Novice: 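If you scroll down you'll find the structure; I have some questions about it.
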Number of protein chains: 2
Amino acid sequence: MSRSAPGSELSPVSSAAQESSGARECLHCSVRHLSVCSALSCDEVHALERITVSLPVPMGATLARSGEPRTYVYTVTEGALRLVRTLADGRRQVNGFVLPGDYLGLSGSDLHRYDIEAIADSRVCRVPTTQMRDLRQHHPHLERKLLQRACQELDAAQDNALALARLQPPERLADFLLRLAAREATLAGHSSNRVSLPMGRGDIADHLGLTMETVSRTFTKLRQQGLIALPHLNVVEILDFAELQKLANDGA
Amino acid sequence: MSRSAPGSELSPVSSAAQESSGARECLHCSVRHLSVCSALSCDEVHALERITVSLPVPMGATLARSGEPRTYVYTVTEGALRLVRTLADGRRQVNGFVLPGDYLGLSGSDLHRYDIEAIADSRVCRVPTTQMRDLRQHHPHLERKLLQRACQELDAAQDNALALARLQPPERLADFLLRLAAREATLAGHSSNRVSLPMGRGDIADHLGLTMETVSRTFTKLRQQGLIALPHLNVVEILDFAELQKLANDGA
DNA sequence: CGCTTCGTTGATGGGAATCAATAACGGTGG
DNA sequence: CCACCGTTATTGATTCCCATCAACGAAGCG
């Protein structure tokens with residue numbers, strides 16, 4: 001129950017008309033991230049604009065709950081969200097963090113398999129699954145891109161499983177930081193030694209299968225070893241990239 | 001280094017002509033499992049037959065090694081294989097087990113990300129990735145099916161991650177057995193309380209992020225609790241389905 | 001029948017979880 | 001700007017569970 005904001009339920013969605021400027025921004029996002037630009041005619045672009053809604057998601061808000069029907073797919077344009085699964089006895093797992101450019105909707109299930117919660121003020125593009133189905137049928141390019149993405153996510157999920165199954169806490173954290181850094185680098189287009197951590201320690205713990213205390217101790221250990229620095233609570237500076245990579249078993 | 005058979009390298013592939021009957025069987029498999037039957041014309045079926053090779057993989061043989069270029073995709077028709085990743089210091093993870101009906105080739109990487117090893121005498125259908133690419137472009141149905149499959153595997157990978165991150169040994173093993181049972185049920189078309197374990201204890205351990213000893217002890221514990229029986233080393237009989245499911249947290 | 005491999009069971013130690021206390025941060029209002 | 005408060009993060013002490021080390025038992029095979 002961490003970081004639950006006061007009024008954490010989403011307000012009803014504003015209409016597409018009201019959000020037309022947002023919709024255009026979102027379209028841009030969709031086109032850029034799914035790389036289907038060339039496959040769309042002008043009419044199709046307008047069709048997409050009509051069914052696409054840009055939606056603000058304030059920090060702490062829940063975009064979807066586990067078990068609910070999956071009526072929309074999303075692409076994230078701003079902020080950060082977490083995918084959370086909770087067991088009956090309260091054990092929690094953060095399945096992943098969703099950052100700008102990520103697509104939310106690759107699942108074989110008709111129901112949401114996890115809660116989707118904003119860990120920062122965010123903005124997402126929303127498309128009804130039904131419409132998405134139509135879009136995919138008309139644009140093979142889109143389907144191909146989605147398959148590509150699904151395969152990449154599958155690879156990432158397997159890397160994650162390896163980390164959870166066999167890496168020790170410092171190795172897991174190193175792996176996590178390096179992956180965050182890589183994502184941020186591709187997002188920003190340039191590499192930086194600074195990595196921002198929009199999520200709290202508890203979220204990191206629940207993502208890595210550890211406790212918050214162990215995550216905290218591990219941060220301290222990496223700091224003492226001179227591998228990283230923590231200028232702020234939510235910013236990591238990577239001091240020794242090579243050594244960190246060696247610790248993370250080179251991701252392989 | 002478990003279960004490495006004496007001559008564990010695959011013999012050079014026999015030609016498609018020599019394996020024509022096998023190829024037909026394999027086609028059947030491909031069609032059935034990828035459900036693209038209706039999308040293929042007669043000519044296309046012949047084209048598929050020409051590029052498809054049914055290949056025996058003896059137990060202990062290695063079908064592919066981590067780091068090698070991915071020149072083929074496979075569907076499995078007989079036997080069982082394991083997907084293995086090994087760290088520099090010998091720590092091992094079994095990413096998954098591949099059973100008849102499974103498709104091997106959903107990856108974003110050009111290189112194999114794990115070793116593929118037969119844990120029983122097996123048979124696979126082999127298609128060059130290049131040809132597969134062509135096939136996909138000509139048959140949107142196929143692409144859609146692959147995306148569907150990728151999404152299902154993604155869901156499964158996430159379930160697995162939850163188990164690795166948060167479940168305790170008995171819960172993990174229960175989850176594992178139930179998933180195996182479910183797969184076997186869909187394969188055979190009917191449900192049975194008997195589940196066969198083609199893999200050894202070490203493989204189960206490396207799949208669940210445990211040691212062989214813990215797996216063995218956990219089997220004993222489940223047996224003593226009356227949840228399962230072990231008629232043979234490689235056969236589990238599920239005695240109390242409901243209780244086992246409760247233990248596995250209902251897979252959610 | 002002995003060999004080898006694999007699985008089970010036992011004894012021990014280490015490391016992360018847990019419990020508990022302190023410290024740092026972030027926001028709010030004076 | 002600073003004092004106050006709730007939340008979050010860090011640090012410390014203890015416990016428990018799994019990995020490790022080691023020995024034993026069982027199964028497949030020549």
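The structure displayed is predicted, hence computed values, not measured ones. Below, read A as the first sequence line, B as the second, and so on, with proteins coming before strands; counting in each chain starts at 1.
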Novice: If the cut-off is 4.0 Å, is B:Thr214 near the phosphate of D:dA19, judged by side-chain N/O to OP1 or OP2?
Specialist: yes
Novice: Nearest to the side chain of A:Met212, which nucleotide is it out of D:dT10, C:dT8, D:dC18?
Specialist: D:dT10
Novice: Keeping the roles fixed (side chain from B:Thr62, backbone from B:Glu117), state whether a donor-acceptor pair exists under 3.5 Å.
Specialist: no
Novice: If I take atom CG in residue B:Leu167 and atom C1' in nucleotide D:dC17, what distance separates them, rounded to the nearest angstrom?
Specialist: 16 Å
Novice: A:Tyr72 ring centre to A:Arg126 NZ or CZ under 6.0 Å, with the angle to the axis within 45°?
Specialist: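 Yes - A:Arg126 lies over the ring of A:Tyr72, closer than 6.0 Å to its centre and within 45° of its axis.
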Novice: Is the side chain of A:Arg201 donor-acceptor paired with the backbone N or O of A:Leu233 at a distance under 3.5 Å, no angle test?
Specialist: yes
Novice: Over how many whole Å does the gap from B:His232 atom NE2 to D:dA27 atom P extend?
Specialist: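 Between P of D:dA27 and NE2 of B:His232: 11 Å.
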Novice: Measure the distance from CG on B:Asn234 to C1' on D:dA26 and round it to the nearest whole Å.
Specialist: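 My rounded result for the distance is 13 Å.
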Novice: Please pick, from D:dA19, C:dT8, D:dA9, the nucleotide with the shortest atom-to-atom distance to any side-chain atom of B:Leu233.
Specialist: C:dT8
Novice: Quick check: on DNA chain C, is the nucleotide nearest B:Thr220 upstream (toward 5') of the one nearest A:Lys221, or the reverse? Name the residue that is more 5'.
Specialist: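 That would be B:Thr220.
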Novice: How many whole angstroms separate atom CE of B:Met199 from atom P of C:dC6?
Specialist: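 Those two atoms, CE and P, are 15 Å apart.
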Novice: Check every strand shown and say whether A:Glu213 touches a base, only sugar-phosphate, or nothing at a heavy-atom separation below 4.0 Å.
Specialist: base
Novice: Would you mind reading off the distance between B:Arg172 atom CZ and D:dC17 atom C1', rounded to a whole angstrom?
Specialist: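 Going from CZ in B:Arg172 over to C1' in D:dC17 covers 12 Å.
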Novice: What is the distance from CG of A:Leu210 to P of D:dC17, rounded to the nearest Å?
Specialist: 18 Å
Novice: Round to the nearest Å and state the distance from A:Arg92 atom CZ to C:dA17 atom C1'.
Specialist: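 Between C1' of C:dA17 and CZ of A:Arg92: 17 Å.
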Novice: Between the side-chain atoms of A:Arg217 and the base atoms of C:dG15, is any donor-acceptor pair under 3.5 Å?
Specialist: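 Checked by distance alone, the answer is no.
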Novice: Before accepting this row, confirm whether a basic side-chain N of the pair A:Arg65/A:Asp115 lies closer than 4.0 Å to the acidic partner's carboxylate O.
Specialist: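 Between A:Asp115 and A:Arg65 there is no salt bridge, as every charged N stays at least 4.0 Å from the carboxylate O atoms.
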Novice: Does B:Thr211 put a side-chain nitrogen or oxygen below 4.0 Å from OP1 or OP2 of D:dC18?
Specialist: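 For D:dC18, neither OP1 nor OP2 has a side-chain N or O of B:Thr211 closer than 4.0 Å.
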Novice: Toward the 5' end of DNA chain D, which comes first, A:Arg223 or A:Arg166, by nearest nucleotide?
Specialist: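 On the 5' side of the pair lies A:Arg223.
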Novice: Calculate the interatomic distance between B:Asp89 atom CG and D:dA19 atom C1'; express it in whole Å.
Specialist: 14 Å
Novice: Verify, without hydrogens or angle tests, whether A:Ser122 (side chain) and A:Ala80 (backbone) share a donor-acceptor contact under 3.5 angstrom.
Specialist: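 Confirmed, A:Ser122 side chain pairs with A:Ala80 backbone.
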Novice: May I ask you to evaluate whether B:Arg201 reaches the phosphate of C:dT8, defined as a side-chain N or O under 4.0 Å from OP1 or OP2?
Specialist: yes
